[in-house]
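Here the structure comes first, spelled out in structure tokens, and everything after it is commentary.
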Amino acid sequence: MSMEPDLRVSVLEGRRTVYGDPEIRLLEAISQYGTLTDGAAALGLSYRCAWGKIKAVEAKLGQKLLESTVGGSGGGSSRLTDTAQRLVDQYSRFRVAVGDYAQREFERCFAEEEQP
């Protein structure tokens with residue numbers, strides 16, 4: 001049996017979650033696909049759910065995360081603000097560091113000979 005750690009990482013302010021893996025994945029998908037609609041669809045989220053997640057994080061941070069243009073013949077688009085891109089970059093570095101640490105500690109604590 002091969003086991004591995006599974007982490008859920010969040011950034012809190014006090015006891016209130018500001019953002020975590022789901023919100024960062026959504027921002028990454030919006031950046032990749034160019035619209036909130038397409039980014040949400042790629043993650044299996046409704047537009048309404050994705051919009052709510054973005055608005056909730058914006059309210060908690062007091063910062064705008066998306067610059068959007070309204071549709072038309074060419075359709076609308078969304079791009080991350082500088083604040084959102086910085087947030088994604090910082091969180092991604094933090095997430096990798098936490099994951100690497102967790103993997104090392106998991107291997108140390110659950111060495112093959114110690115597993116049930």
Side-chain angles (χ1 to χ4, degrees):
M1 175 185 338
S2 177
M3 296 191 309
E4 61 185 45
D6 180 31
L7 301 174
R8 311 241 190 282
V9 178
S10 298
V11 174
L12 309 177
E13 182 176 50
R15 292 179 172 238
R16 180 178 76 153
T17 300
V18 179
Y19 57 89
D21 291 342
E23 293 81 9
I24 296 300
R25 279 195 306 273
L26 176 56
L27 289 171
E28 290 171 334
I30 293 167
S31 179
Q32 179 181 352
Y33 292 99
T35 69
L36 178 58
T37 301
D38 292 341
L43 297 177
L45 300 173
S46 70
Y47 176 88
R48 181 181 174 100
C49 176
W51 183 82
K53 285 181 179 293
I54 296 296
K55 290 300 173 190
V57 175
E58 286 179 339
K60 292 171 187 171
L61 292 175
Q63 299 277 336
K64 192 170 180 173
L65 298 177
L66 298 180
E67 294 287 339
S68 298
T69 57
V70 178
S73 62
S77 67
S78 295
R79 72 170 195 81
L80 303 188
T81 62
D82 291 342
T83 298
Q85 188 59 59
R86 189 169 42 256
L87 186 81
V88 168
D89 293 344
Q90 290 170 331
Y91 185 86
S92 297
R93 286 192 309 271
F94 171 69
R95 185 70 170 89
V96 166
V98 168
D100 290 347
Y101 175 78
Q103 184 64 43
R104 282 192 310 274
E105 286 301 300
F106 181 84
E107 290 168 4
R108 185 180 69 77
C109 293
F110 294 91
E112 191 67 39
E113 62 274 5
E114 295 176 17
Q115 293 181 8

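If you take OG on Ser31 and CG on Leu26, they are separated by 11.0 Å, rounding to the nearest 0.5 Å. Summarising the geometry, atom CD1 belonging to Ile24 is positioned 8.5 Å from atom CG belonging to Asp21; distances are rounded to the nearest 0.5 Å. To the nearest 0.5 Å, atoms CG (Asp100) and CZ (Arg95) are separated by 10.5 Å. Between the CZ atom in Arg86 and the OG1 atom in Thr81 there is a gap of 8.0 Å [rounded to 0.5 Å]. To the nearest 0.5 Å, the span separating OG on Ser92 from CG on Leu87 amounts to 9.0 Å. To the nearest 0.5 Å, atoms CZ (Arg25) and OH (Tyr91) are separated by 8.0 Å.
Checked for salt-bridge contact, Glu58 and Lys55 meet the test: a charged N lies under 4.0 Å from a carboxylate O. A salt bridge links Glu105 to Arg108: one of the charged nitrogens lies within less than 4.0 Å of a carboxylate oxygen.
Distance alone, capped at 3.5 Å, places no donor-acceptor pair between the Ser77 side chain and the Gly34 backbone.
Two residues are said to be in side-chain contact when any heavy atoms from C-beta on lie closer than 4.5 Å; Phe106 and Met3 meet this criterion. Looking only at side-chain heavy atoms (C-beta outward), Val18 and Glu23 stay at 4.5 Å or farther from each other.
Looking at every heavy atom in both residues, Leu61 comes nearest to Leu65 through CD1-CD2, 4.3 Å. The shortest non-hydrogen separation linking Ile30 to Ser78 is CG2-CB, 3.9 Å.
With hydrophobic clusters built from ILVMFWY side chains whose heavy atoms lie under 4.5 angstrom apart, Phe94 does not share a cluster with Tyr101.
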Would you give me the side-chain donor-acceptor pairs under 3.5 Å for residues 8-15, sequence neighbours excluded?
from	atom 1	to	atom 2	distance (Å)
Arg8	NH1	Asp6	OD2	2.9
Arg8	NH2	Asp6	OD2	3.4
Glu13	OE1	Arg16	NH2	2.7

Identify every side-chain donor-acceptor pair in residues 42-54 under 3.5 Å, counting partners at least two apart or on other chains, and give the distances.
from	atom 1	to	atom 2	distance (Å)
Ser46	OG	Cys49	N	3.0

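Under the rule for a salt bridge (charged side-chain N to carboxylate O under 4.0 Å, His left out), Glu67 has no partner lying at least two apart in sequence or in another chain.
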